Every structure is written in structure tokens, then in C-alpha cells.
Amino acid sequence: MIELDYRGSNSQVIGNENGLGIAKEFENYKSRIAAIIADLNQRKDKPEQGLQWMNLGYSEETLWYVKEYAALVQGRFDNVLVLGIGGSALGGLAVTHALLHPYWNFLSKEERNNFPKIYFLDNIDPDEVSSLSDILDLKKTLVNVITKSGDTVETMAQFMVLKDRLEKELGDDYRKNIIATTDKRTGILRQIAEQEGYKTFFIPDDVGGRFSVFSAVGLLPFALVGIDIDEITNGVKDMDLALKNTNITENIAAQNALIHFLLDVKCGKNQIVLMPYSNRLKYVPDWFIQLCAESLGKSVTLDGVKTHVGPTPLKAVGVTDQHSQLQLFNEGPNNKVIDFIRIKDFDTHVEIPQIFQYTGIGYLSGKSINELMNAEAESTKATLCDFSRPTVTISMPKVDGYHIAQLLYMLEVQIAIEGALYNINAFDQPSAEQTKNYTYALMGRVGYEESAKSLKEKMSLV
Ligand code: PA5
């Protein structure tokens with residue numbers, strides 16, 4: 001199982017002003033945390049609670065359909081192109097980047113065991129969209145369009161461009177190159193998919209985009225490129241069982257939630273830096289940033305009281321950002337918690353050859369890159385401690401499907417518990433929706449005429 005070490009946030013280590021008396025706080029919050037965990041687990045099966053993501057690891061039906069389809073198309077396509085944005089793309093990107101060969105898309109088909117290359121298009125940069133045709137043979141490309149709402153403007157615009165190109169290249173057969181992952185019943189993409197006869201997968205009700213990675217949103221792309229999705233769901237289920245424990249001293253998601261909440265409200269640490277010491281995990285912070293920012297950044301409490309809460313999540317990658325952001329983390333405003341993610345066993349061990357012994361870099365000779373990575377992570381933690389900066393360390397035994405699933409699920413539960421501590425709704429995103437509505441108005445969508453009028457007035461002012 002993955003583990004959490006929070007000693008770097010203890011007041012005995014970094015002082016009362018910047019750290020917490022963690023054992024005492026666990027005791028103070030024991031019953032509040034137990035009540036939050038019990039409440040989440042009681043509400044998770046009820047409709048309209050936004051908590052169905054807590055059941056995704058157990059969906060045998062999804063596993064079966066995804067595996068069946070992946071087996072059916074195995075060997076047929078050279079590329080999978082995922083169209084989506086936010087929660088419809090970030091989890092897939094984070095997990096595939098972590099689990100596939102680091103240079104997967106550069107390997108030959110044989111080296112990829114006949115599985116396709118994979119691309120995520122999560123922006124609408126016209127140069128990037130149009131350049132896709134330079135690298136993809138569309139006849140050999142399976143396009144997985146993913147949108148829970150079924151009408152997200154960016155995803156639908158990408159889809160319209162790709163559908164048109166596919167149809168021009170493949171004629172009527174283009175349908176076989178499209179899979180739509182969307183709501184079971186509602187939304188424009190569902191309607192189009194049914195009219196056009198695309199293969200579809202669904203995102204269950206009450207699963208928000210940023211909590212959807214273990215639905216078909218993530219599982220289908222994973223299976224298509226040969227990732228063992230049983231290993232993924234086993235990781236989710238085992239972590240879920242562990243996190244059902246209402247005792248805070250035995251529940252790492254609750255511990256991390258409480259530590260971050262208290263470091264924010266008591267010590268002013270309102271920025272969280274997620275810093276994996278692993279390039280394979282470098283997109284996990286991108287996924288986490290959306291999860292944390294959209295869930296916790298809120299302006300009204302559950303009781304309807306005005307508030308402005310939510311820590312700002314940031315990304316750093318060890319060791320790269322030691323040479324970029326660390327100076328700020330050490331000496332800049334003391335308003336951050338650094339969350340390290342450490343890997344106990346890398347898949348490979350790279351020896352540094354015994355050369356240049358008699359020069360200034362002779363100390364490296366005969367050591368390993370692995371030792372260097374660990375030494376750098378330890379040094380960074382120690383330096384942050386010297387500057388009284390709080391840290392926590394999440395340790396993963398290794399980067400594999402079982403443990404990355406545990407990591408992501410643990411962070412989801414952590415954010416749900418933190419939302420309850422801030423007393424806000426962690427499962428909506430009203431003002432992100434507002435921007436979507438303004439965009440519809442600007443692009444002339446029917447029904448948004450009033451928004452368009454007031455928007456034009458605002459735009460003349462700002
Ligand atoms: O968490 C969320 O619900 C959102 O951020 C969505 O992931 C994002 O807006 C994309 O939405 P959709 O999947 O409906 O296209």
C-alpha cells in the first residue's frame with residue numbers, strides 16, 4: 001500500500017508558527033473526521049450526492065464491456081486519439097504516461113506488442129489541431145471523444161473537425177473509428193452517437209469529470225493500449241477498503257486532508273505543491289490541480305454563508321524543479337505545503353560508470369542514478385525543513401497500475417474530506433460553468449442571447 005509520512009509538518013520539527021501538533025490535532029478532530037468518513041460512505045449510493053465515483057472500482061459491468069471492446073479492436077488501429085478536456089483528459093494522460101514505456105509513441109508496433117500509440121488532445125490550439133494530420137494516418141486512428149455533459153465547446157469543436165476529416169478519408173466506414181464516452185441518456189454527444197451509430201461507453205450519474213478517471217473515461221483508453229485494468233481497479237478497491245476506516249490514525253486520506261486544512265486555516269499555508277520525484281508521474285500534479293482547484297475553490301459554504309476558500313494547487317517535478325522553483329519554496333513567502341511523491345523501487349537501476357574517478361565528479365563514479373534521485377529528494381526535504389517549510393511525503397512502492405490507482409483514489413478521498421472540513425460543496429463548479437456559458441453566448445449558441453448582450457457590455461469595460 002502507499003504510505004504517508006507527515007513528520008515534516010510537525011511543529012516539533014518546523015516550529016509552532018509553521019507546523020502543527022499533529023498527534024494532538026488528530027485527537028481533537030477524531031470524532032469530526034469519523035463522522036465525515038461515515039457520512040461519505042452512507043451517502044455514496046444515494047442519487048444526486050456527486051459521490052458515485054466512490055463505487056467505480058467495483059463496476060464489474062464496465063470492466064467487462066471495456067475489456068470486450070479492447071479485445072475486439074486489438075491490432076486494428078495504430079493510434080488512439082482522445083478528445084476531451086479537464087476531467088475527461090487529465091486522468092487518462094496522467095495514468096498512461098505513468099504506466100506505458102516513457103517513449104511509447106516512439107516505439108515500433110512490435111515493441112508496443114501491437115498496441116496503438118496514444119495521444120490526448122486537450123486544447124484547441126489551431127496549430128496543434130491541424131498538425132495532427134501530419135502525424136496520424138486517420139484510417140488507422142481510433143478517436144475516443146469523451147465528454148460527460150456532451151456539449152463542452154472545446155471537445156465538440158475538436159470532434160467536429162476530426163469527424164469531418166475521418167469521413168472525407170474513410171467514407172461511410174468512418175463510424176468504426178469513433179467511440180463516444182458520455183452520459184448514459186442525456187447530452188448532444190449521446191444524441192449524435194445514437195443517430196450516427198457510434199460505439200458508446202457511459203459515465204455513470206453523479207460522477208463529476210474530475211472524479212471520473214476510474215470509469216470508462218480512463219479505463220477504456222488504458223485497456224486500448226494494453227494496460228491491465230484489473231490491476232487498476234484492484235488498487236482502487238484495496239485503497240477504498242483502507243479509507244473506510246473512520247479512525248484518523250489509520251486513514252491516510254483523512255490525515256492528509258486534516259493536515260492541509262489546518263495548515264491553511266491555522267498557519268496560512270494556502271498553496272499546495274504536488275512534487276513527484278518521478279518523471280513518469282509528471283502529469284499527476286496536472287490531474288490533481290483540477291481535482292483540488294475545482295473541488296475546493298468555493299465562495300459559499302454549505303449553509304449559504306459567503307466565503308472564499310480553497311488552497312491553490314501547484315505543480316513541481318523532482319528533481320527538475322529544484323533548479324527552477326525550489327529557491328522560491330525555500331525563501332519566498334512561507335505559504336506553501338510541499339507534498340512529495342516518492343517511489344521506493346524504480347523499475348530500472350542505472351549505474352553511473354566508474355569513470356573520471358580522479359576529477360571533481362569522481363564521487364559519482366560507481367554510484368547509481370537511483371541513489372542520486374533519492375539523495376536529491378532527501379536534500380530538498382531537509383532544506384525545506386531548515387527554512388521551516390511544511391512537507392508531507394507520500395511513498396509508492398513502485399510505479400504500477402495497482403499503486404497509481406491507490407494514489408489517485410487516495411487523493412480523491414482526501415479532497416472529499418477536505419471539502420467537508422471547509423464546509424463547502426466539493427462536487428460542483430458553478431463559476432467554471434459561467435465561463436462555459438459566456439463562451440456559448442459569444443459563439444452564438446441559441447438560448448444564450450441575453451448572456452451575449454450583458455457580456456458585450458462587460459467586455460467594453462474590461
Ligand atoms: O470536473 C468537471 O466536471 C469539469 O471540470 C469537466 O471535467 C470539464 O469541464 C469537461 O467537462 P465534460 O466532461 O462535460 O466535457
Side-chain angles (χ1 to χ4, degrees), residues 52-84 87-101 104-105 107 109-120 140-148 175-184 189-190 193-194 197-205 207 209 211-241 399-409 412:
Q52 272 300 320
W53 55 271
M54 295 180 79
N55 295 321
L56 292 176
Y58 301 91
S59 177
E60 291 298 323
E61 194 194 354
T62 308
L63 270 181
W64 193 88
Y65 282 116
V66 164
K67 282 192 217 166
E68 190 211 29
Y69 181 76
L72 189 77
V73 296
Q74 222 236 298
R76 210 196 285 170
F77 295 101
D78 288 346
N79 314 295
V80 170
L81 172 62
V82 176
L83 308 180
S88 292
L90 291 166
L93 177 62
V95 174
T96 51
H97 186 81
L99 298 184
L100 295 176
H101 184 288
W104 178 257
N105 283 353
L107 300 179
K109 202 165 177 182
E110 293 69 46
E111 287 164 331
R112 285 183 273 112
N113 288 326
N114 236 6
F115 288 110
K117 299 175 186 175
I118 186 157
Y119 300 88
F120 289 85
K140 291 274 182 186
T141 300
L142 181 61
V143 174
N144 183 193
V145 51
I146 307 179
T147 163
K148 168 83 199 243
R175 292 178 175 82
K176 293 185 188 142
N177 290 42
I178 296 176
I179 325 170
T181 306
T182 189
D183 189 84
K184 201 169 192 169
L189 183 60
R190 168 62 58 190
E194 279 171 12
Y198 306 149
K199 173 79 188 163
T200 62
F201 286 85
F202 72 88
I203 307 164
D205 293 343
V207 176
F211 291 90
S212 68
V213 58
F214 300 119
S215 70
V217 167
L219 295 183
L220 179 63
F222 304 158
L224 289 170
V225 291
I227 290 172
D228 181 347
I229 56 173
D230 285 317
E231 204 179 83
I232 301 269
T233 49
N234 286 340
V236 177
K237 284 188 283 194
D238 286 353
M239 185 47 75
D240 182 57
L241 279 181
V399 180
D400 59 14
Y402 181 71
H403 293 104
I404 196 166
Q406 286 194 1
L407 173 70
L408 268 47
Y409 187 74
E412 288 179 346

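Every value quoted in this text rests on a predicted model; they were computed, and no experiment measured them.
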Partner residues of Phe211 under the ring-ring contact (aromatic ring centres under 6.0 Å, His included) criterion, sequence neighbours left out
Trp53, Phe427
Heavy-atom pair of closest approach, residues Pro221 and Ala216:
CD-O, 3.6 Å
To the closest 0.5 Å, what do you measure between OG1 (Thr200) and CD1 (Ile179)?
10.0 Å
Residues passing the ring-ring contact (aromatic ring centres under 6.0 Å, His included) test with Phe201, sequence neighbours excluded, are Tyr69
Would a 4.5 Å heavy-atom cut-off, applied to side chains only, mark Val207 and Val217 as touching?
no
Side chain to side chain donor-acceptor pair (under 3.5 Å) partners of Tyr198, counting only residues at least two apart:
Glu196
Suppose we screen for ring-ring contact (aromatic ring centres under 6.0 Å, His included). Which residues come up paired with Tyr402, at least two apart in sequence or across chains?
none
Could you give the distance from OG (Ser212) to CG (Leu219), rounded to the nearest 0.5 Å?
10.0 Å
Would a 4.5 Å heavy-atom cut-off, applied to side chains only, mark Phe115 and Ile227 as touching?
no
Non-neighbouring partners of His97 that pass ring-ring contact (aromatic ring centres under 6.0 Å, His included), sequence neighbours left out:
Tyr283
Between CG of Asn144 and CG of Asn177, what distance do you get to the nearest 0.5 Å?
12.0 Å
Looking at side-chain heavy atoms only, is the closest gap between Tyr409 and Met54 below 4.5 Å?
yes
Pairwise side-chain contact, Ile232 with Phe214, heavy-atom cut-off 4.5 Å (strictly under)
yes
Using the side-chain contact (heavy atoms from CB on, under 4.5 Å) criterion, which residues pair with Lys117? Sequence neighbours excluded.
Asn79, Asn105, Arg112, Tyr119
Quick one, Asp183 and Lys148 - any side-chain contact, counting heavy atoms below 4.5 Å?
yes
Return all side-chain donor-acceptor pairs below 3.5 angstrom for residues 56-67, not counting sequence neighbours, or 'none' if the list is empty.
unit_1, atom_1, unit_2, atom_2, d
Tyr58, OH, Asp240, OD2, 2.7
Ser59, OG, Thr62, N, 3.2
Ser59, OG, Thr62, OG1, 2.7
Lys67, NZ, Asp230, OD1, 3.1
Lys67, NZ, Asp230, OD2, 2.9

With sequence neighbours excluded, what pairs up with Glu194 under the side-chain contact (heavy atoms from CB on, under 4.5 Å) test?
Arg190
Test side-chain contact (heavy atoms from CB on, under 4.5 Å) on Leu99 and Phe222; report intermediate values, then the result.
CA-CA 9 Å; Leu99 298 184; Phe222 304 158; over 6 Å; no
Does any non-hydrogen side-chain atom of Ile118 lie less than 4.5 Å from one of Leu224?
no
Residues two or more places apart in sequence or in another chain: which of them pass side-chain contact (heavy atoms from CB on, under 4.5 Å) with Asn114?
Gln74, Lys109
To the nearest 0.5 Å, how far apart are CG in Asp400 and CD in Glu231?
5.0 Å
Tell me, please, which residues at least two apart from Lys176 pass salt bridge (Lys or Arg N to Asp or Glu O under 4.0 Å).
Asp173
Is the shortest side-chain heavy-atom distance between Leu142 and Pro116 below 4.5 Å?
no
To the nearest 0.5 angstrom, please state how far the CG atom of Leu407 sits from the CD atom of Glu412.
10.0 Å
Could you tell me whether the side chains of Gln52 and Asn55 share a donor-acceptor contact shorter than 3.5 Å?
yes
Would you name the heavy atoms of Thr182 and Thr147 that are closest together and state the gap between them?
OG1-O, 2.6 Å
So, for Ala98 and Ile404, which heavy atoms are closest and what is the spacing to 0.1 Å?
CB-CD1, 3.4 Å
Could you list the residues that satisfy salt bridge (Lys or Arg N to Asp or Glu O under 4.0 Å) with Asp205, not counting sequence neighbours?
Arg185
Return the set of residues passing side-chain contact (heavy atoms from CB on, under 4.5 Å) with Ala89 (not counting sequence neighbours), or none when no residue passes.
Asp122
